[in-house]
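Everything quoted here is computed from the prediction, not taken from an experiment.
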Amino acid sequence: MADKPVYEEASIDGQPPKLASIPASDTTVWADASPLLQAACAGLRDGELIHGDNFNLFAAMSALEIMDPKMDSGIVCTYYSIDEAIENGAAPIPISLDSTIDVRCTIDIMDHLLACEAAWHKGHSLAQTVFSCIYLLRLDRTAPHALLHSYCRIIRATCKAVVSVVSDARTHEEEDLFTMTYGLPLNGDGDDKCLSILNAVEETISRQLRACKATSSKRRLPEDLEPLQSNPNLEEGFCKALLCRLRFRKHFFHVLSCMKRPQGRGLESARKHIASCLTELESILKSADFLRSCFDESCEGDIDDKTTASGFEPIGFDAMLNSRLSAPTPPRAIKILSWKKAVEYFVKLLHDLDVICSYSLDPHLESLLRFVVQFQKSQPDLVARSHLQLLLVQDGKLYGRDPFFAVINKAAALPEATKNHDIQKNESFLQLGMLVMNLLKILCTNAAWQRRKLGKFLQDWRVIYVQLELAFRNEYGEVSSSSNDENTCMKIFQHILLWVEEQTYWIAFRFLILGFELELYSTGEYCMVYWYLYAVLIKLTEKTHLMMAVSHDTAKRKGKKKKDSPKDLARESRIPPAVLFLQCYICLAEGLTMYLSRCLLL
């Protein structure tokens, strides 16, 4: 026994554990640890802990408390292994010998997987949501069941695609558990053929549906086509229920694939598949009445809280089977969304993705920032925001095609010819490009993370302004202001310095506004916050007005006009709409500040 590592385990009632649950192998021997634990408990006072010499605070925070259901990840398991669950009939193949029940149970599994997927998107562990399905954990066992096998394959491929998107966007820090796969079988051989397998099953069911609709003797059921189940009165309803679920999976996988194409080349195709997904989701909702009426059995509890359209509990799931894979963290209580809420989630997700796909990929940074801020008002979830970020920032370029110096060049109202100037190789300009790229990434995070990061980000913009100003003085401090020759580098510095100031105040404004959206300010802080807004908006208005004046001057010189026409003079005298809008904000902030200050005095 000295040659083998010993793994000890105590049972809940103090009795020796059942060795049949986890059988010993050539390298493991199970021993009853109950006497050891009881002796340790008798010798410990409250607050004391048994630990080794290298135990530290971090380890203490990550420690598992044995026998505590909230901390011990292995205490509340129905089955201790996948093989044990299969041996006990938790995931039978076929699901039922009655073909009608088999089809209904397959649809229940599909619906529950949809609910699990929505719960995963909401931030729960992949191991305890989608991969709580035992059929997914042993996918090779489903091969004899073509319908279930094709659906599980497309589910696994979809999960892999979503994990890839969120990981590439690096927005998963909001939900640390989202991209953790815990060694789950997410990568499988032949997953690249999941669509062809699904299409074959879909075609078979489509032929069956057409046969069901046939009323003339000339269109009888082909001899090589077997019905899905034994009740001919239910055949058409089951075919429709299955087809809409399979087609939704197919189109949703296409959406994810198309949106990941470089430089937004797949956005138009993605919109078509999004429209198809929404149509299939409507059909899925309509199928609920049929699924609930085709069986005489009544379901206990509120049907709206069920995770399946039929209201029956799905077969082949155990949420705690993978709970130990999440160690050293304690097991989390997983609340799977109801079937209706899962459908609602996917409808909203698809609408958010459609908004992203409908964006025109405007190279103007001001329009882009306005679009992202407006998009965030709909409170999109992590998957949609990850897709947006990957669309905006690809290979260190905007949309994967426009260098950030060229984007800054356009935003700073510089001539088109300067976008390829060698000054972009300057260290300060390289850092500025990184700041703009990081700003777009930050704006794609959720509101809480966004505000937290913007607060730290303000200092970086102030530092880059100082660096650019010092570089400008070092390079052009001795240039005579009366020189008639325009220096291109000097012009670039002057325009970009002004633009950096404007962006800094815009970030400060966004930071303050997010505090209102997150309801962070107390009543006593409103007066101070509005005063801050007033000060920031005054400066932002000044810089915006200056930028527009510079932009107009650049356009005027580009047109080589010798004399200003009366129309041009009138246009110059007007206040630009963007400045007027900021002035309205200023008046609002000033008025609210005065109102709140008087209320406080009273």
>> Run the side chain to side chain contact (heavy atoms under 4.5 Å, CB included) test on L414 and I492 for me, step by step, so that the C-alpha distance in whole Å, both residues' side-chain angles and the decisive distance to 0.1 Å come before the verdict.
In response: CA-CA 7 Å; L414 284 163; I492 291 174; 4.1 Å; yes
>> Evaluate H121 against V383 for side chain to side chain contact (heavy atoms under 4.5 Å, CB included), listing each step before the verdict.
In response: CA-CA 7 Å; H121 286 192; V383 176; 3.8 Å; yes
Over 12 foreign heavy atoms within 6.0 Å of [atom1], [X]:
X: Q431; atom1: CD; value: yes
X: R452; atom1: CZ; value: no
X: R462; atom1: CZ; value: no
X: K341; atom1: NZ; value: no
X: W531; atom1: CH2; value: no
X: Y532; atom1: OH; value: no
X: M528; atom1: CE; value: yes

Can you tell if the side chain of [X] reaches within under 4.5 Å of the side chain of [Y], non-hydrogen atoms only?
X: V130; Y: E117; result: yes
X: H251; Y: K272; result: no
X: D381; Y: Y345; result: yes
X: L391; Y: M259; result: no
X: L350; Y: V347; result: no
X: M437; Y: L398; result: no
X: W339; Y: L285; result: yes
X: F405; Y: I423; result: yes

Interatomic distance, [X] atom [atom1] to [Y] atom [atom2] [nearest 0.5 angstrom]:
X: L518; Y: I513; atom1: CG; atom2: CD1; answer: 11.5 Å
X: Y399; Y: D362; atom1: OH; atom2: CG; answer: 6.0 Å
X: R265; Y: S269; atom1: CZ; atom2: OG; answer: 12.5 Å
X: R510; Y: L458; atom1: CZ; atom2: CG; answer: 13.0 Å
X: K425; Y: L430; atom1: NZ; atom2: CG; answer: 10.0 Å
X: R249; Y: C277; atom1: CZ; atom2: SG; answer: 9.0 Å

> What about the rings of F317 and F131, do their centers lie closer together than 6.0 Å?
Replying inline: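 Distance test on ring centres: not under 6.0 Å, no.
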> Is the F252 to F346 ring centre distance short of 6.0 Å?
Replying inline: yes
>> salt bridge (Lys or Arg N to Asp or Glu O under 4.0 Å) for D168 and K260? Distances and angles first, verdict last.
In response: CA-CA 11 Å; D168 291 345; K260 207 173 180 182; 3.4 Å; yes
Considering all heavy atoms, the nearest [X]-[Y] contact:
X: Q389; Y: A169; answer: NE2-O, 2.6 Å
X: S386; Y: V165; answer: CB-CG1, 3.8 Å
X: C116; Y: S132; answer: SG-OG, 4.2 Å
X: W120; Y: S125; answer: CD1-C, 4.2 Å
X: P380; Y: K348; answer: CA-NZ, 3.7 Å
X: Y521; Y: L512; answer: OH-O, 2.8 Å

>> Applying side chain to side chain contact (heavy atoms under 4.5 Å, CB included) to I408 and L365, what does each step give before you reach the verdict?
In response: CA-CA 8 Å; I408 295 169; L365 189 61; 5.6 Å; no
Main chain of [Y], side chain of [X]: is a donor-acceptor contact present, judged purely on distance under 3.5 Å?
X: Y505; Y: T541; value: no
X: S167; Y: S164; value: no
X: D395; Y: G400; value: no
X: E501; Y: K543; value: no
X: T445; Y: K441; value: no
X: S367; Y: P363; value: no
X: H495; Y: A412; value: yes

One thing to verify: whether [Y] and [X] come together as a salt bridge, which I'm taking to mean a side-chain N less than 4.0 angstrom from a carboxylate O.
X: R385; Y: D352; value: no
X: E366; Y: R370; value: yes
X: E469; Y: R473; value: yes
X: D111; Y: R245; value: yes

>> Please evaluate residues T544 and E502 with respect to the criterion side-chain hydrogen bond (donor to acceptor under 3.5 Å, both in side chains), reporting the C-alpha separation (whole Å), side-chain torsions for both, the decisive distance (0.1 Å), and the verdict.
In response: CA-CA 6 Å; T544 303; E502 181 190 19; 3.2 Å; yes
>> If you apply the rule side-chain hydrogen bond (donor to acceptor under 3.5 Å, both in side chains), what do you find for R401 with Q394, and how did you get there?
In response: CA-CA 8 Å; R401 67 188 188 199; Q394 301 175 25; over 6 Å; no
>> Between H545 and E542, does the side chain to side chain contact (heavy atoms under 4.5 Å, CB included) criterion hold? Intermediate values first, please.
In response: CA-CA 5 Å; H545 203 171; E542 290 177 3; 6.0 Å; no
>> Using the rule side-chain contact (heavy atoms from CB on, under 4.5 Å), only one of V436, L369, L435 pairs with Q503; which is it?
In response: L369
> Would T307 and H112 count as a side-chain hydrogen bond (donor to acceptor under 3.5 Å, both in side chains) if you check the C-alpha gap in whole Å, the side-chain angles of each, and the deciding distance to 0.1 Å?
Replying inline: CA-CA 5 Å; T307 60; H112 190 75; 2.7 Å; yes
> Side chains of N409 and T418: is there a donor and an acceptor less than 3.5 Å apart?
Replying inline: yes
> Can you tell which of Y465, F429, W499 makes a ring-ring contact (aromatic ring centres under 6.0 Å, His included) with F493?
Replying inline: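 Only one of Y465, F429, W499 forms a ring-ring contact (aromatic ring centres under 6.0 Å, His included) with F493, namely F429.
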> What is the ring orientation for F375 with F371, classed by angle as parallel under 30°, tilted 30 to 60°, or perpendicular over 60°?
Replying inline: parallel
